[in-house]
Student: 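Have a look at the structure that comes next, please.
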Amino acid sequence: MQDQPSSQLVDQFGRQASYLRLSITDRCDLRCTYCMSEHMTFLPRKEVLSLEELERLVTAFVDNGVRKVRLTGGEPLVRRNVMSLFEGLSRHLASGALDELTLTTNGTLLGKYAKQLVDFGVKRANVSLDTLCPEKYAEITRWGRLERVLDSIEKAQDAGLHIKINTVAVKGKIEEEIDDLINFTHGRGMDLTLIETMPLGDVGIDRNDQYVSLSDFRQDLAQRWTMADINDTTGGPSRYVRVGETGGRLGFITPMSHNFCSTCNRLRVSCTGTLYTCMGAEGSVDLRDALRASESNAPVEGLIRETVFAKPECHNFSIDENGTSGIKRHMSFLGG
């Protein structure tokens, strides 16, 4: 019988936090227009948690009831020696303390590491992909190569990873892409999730030019596709439908048009060890100092429990009339 967590991470509204999204680097090999500015200033290395510190921090969360961990970035697979972190965390899968270890990636390096990821217990990965047009892909990512990502996806599936494609719904682009994306993903046994663009950080583009309501967009899709609501969940905020014409799953993440705060079970930690209980609120707490000040996990666990209890009831995403975000940090800092 597996050991029970020493405590559960429950907030003042009775929600239990069981899902940790951990950014392990702020760096990325792409510069997607909705995520980063073209000329990013990255963090000094000393401010970023070491791989050993990241593993220890995950253990603190797992010991307090977290059952799912997703590693993100930036781009997590650009972190040097990143496979040693997956290997270290795999012990929580083997013990039964953790239900799932997974990652979100832009896909450029996924093919290279797919076999090792499977060996360390990773069963699925989310790949960010917003277009199937090479020219548009280069424009959105500022310098990426679509064929490299498509090759990585194929290799990852061959290695046994289940792939879900995440697509940010950018106005003027998603309308042209959606039918091809549905056919592409479902034709290859992959789920597709559409995500409303979120007002995080200054990316040098008017947010009002990017945003499209997925609640409205779904009504447009219903003119061409038969969609039936299903209760499937992957532990995150996606709400899924089954597409009758393909048999595949299509997910919608709608933080702006229809929030999911009442059922939120997620926590986010940046690569610097900053805990954010809500992606759409400015409040945060530094875990790094507590982690580095003691060899015991007790101080950091106490800080985590205290912070989670004070989690806000809902987010405050907003885009002002000038197209400026109310939240100053970039999406990349929180791993999307």
Student: Once salt bridge (charged side-chain N to carboxylate O under 4.0 Å, His left out) is applied, what residue pairs with a partner in residues 148-159 remain, sequence neighbours excluded?
Tutor: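 As it turns out, the salt bridge (charged side-chain N to carboxylate O under 4.0 Å, His left out) pairs with a partner in residues 148-159, which skip direct neighbours, are D151-K155.
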Student: With a 3.5 Å cut-off and no angle check, do the side chains of Y19 and R67 form a donor-acceptor pair?
Tutor: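 The answer is no; no qualifying pair exists.
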Student: Of all residues at least two apart in sequence or in a different chain, which pass the side chain to side chain contact (heavy atoms under 4.5 Å, CB included) check with A156?
Tutor: L110, A114, L161, I163
Student: Given the ring of Y137, does R145 sit roughly above its face, with NZ or CZ under 6.0 Å from the centre of the six-membered ring and within 45° of the axis?
Tutor: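 Cation-pi check for R145 and Y137: fails.
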Student: Have T131 and E177 got a donor and an acceptor in their side chains that come within less than 3.5 Å?
Tutor: yes
Student: How close do K164 and S238 get, heavy atom to heavy atom, and via which atoms?
Tutor: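 Closest heavy-atom pair between K164 and S238: NZ-OG, 4.5 Å.
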Student: Which pair of non-hydrogen atoms, one from S128 and one from T104, has the smallest distance, and what is that distance?
Tutor: OG-CG2, 4.1 Å
Student: Within 45° of the axis and under 6.0 Å from the centre of the six-membered ring of Y276, does NZ or CZ of R268 qualify?
Tutor: no
Student: For H162 versus D191, what's the shortest heavy-atom pair and its separation?
Tutor: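 Scanning both residues, the minimum pair turns out to be NE2-OD2, 3.7 Å.
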Student: Identify the heavy atoms of L49 and L57 that sit nearest to each other, and give their distance.
Tutor: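 Heavy atoms only, the tightest pair is CD1-CD2, 3.8 Å.
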Student: Among residues two or more places apart or on two chains, list those pairs meeting salt bridge (charged side-chain N to carboxylate O under 4.0 Å, His left out) that have a residue in residues 71-81.
Tutor: none
Student: Can you find a side-chain donor-acceptor pair between T108 and D29 that sits under 3.5 Å?
Tutor: yes
Student: For a quick check under 3.5 Å, do T193 and R239 share a side-chain donor-acceptor pair by atom type?
Tutor: no
Student: Tell me, with the steps shown, if R91 and E55 meet salt bridge (charged side-chain N to carboxylate O under 4.0 Å, His left out).
Tutor: CA-CA 11 Å; R91 64 187 171 90; E55 182 178 345; 3.4 Å; yes
Student: I'd like to know if the side chain of E139 and the backbone of K136 have a donor-acceptor N/O pair within less than 3.5 Å.
Tutor: no
Student: Considering non-hydrogen atoms only, spot the tightest contact between L214 and A169 and give its length.
Tutor: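 Minimum heavy-atom separation between L214 and A169: CD2-CB, 3.7 Å.
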Student: Give a yes-or-no answer on whether the side chains of R56 and N297 include a donor-acceptor pair shorter than 3.5 Å.
Tutor: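 Looking only at side-chain atoms, N297 and R56 do form a donor-acceptor pair, the distance falling under 3.5 Å.
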Student: Is it true that the side chains of S296 and S294 contain a donor and an acceptor less than 3.5 Å apart?
Tutor: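 No, no side-chain donor-acceptor contact under 3.5 Å.
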Student: Should K173 and D130 count as an ion pair when the cut-off is N to O under 4.0 Å?
Tutor: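 No salt bridge links K173 with D130.
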Student: What are the two closest non-hydrogen atoms of S90 and E87, and how far apart are they?
Tutor: OG-O, 2.5 Å
Student: Check this for me: does any side-chain nitrogen of one of D26 and R45 sit under 4.0 Å from a carboxylate oxygen of the other?
Tutor: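 The answer is no: the pair does not qualify as a salt bridge.
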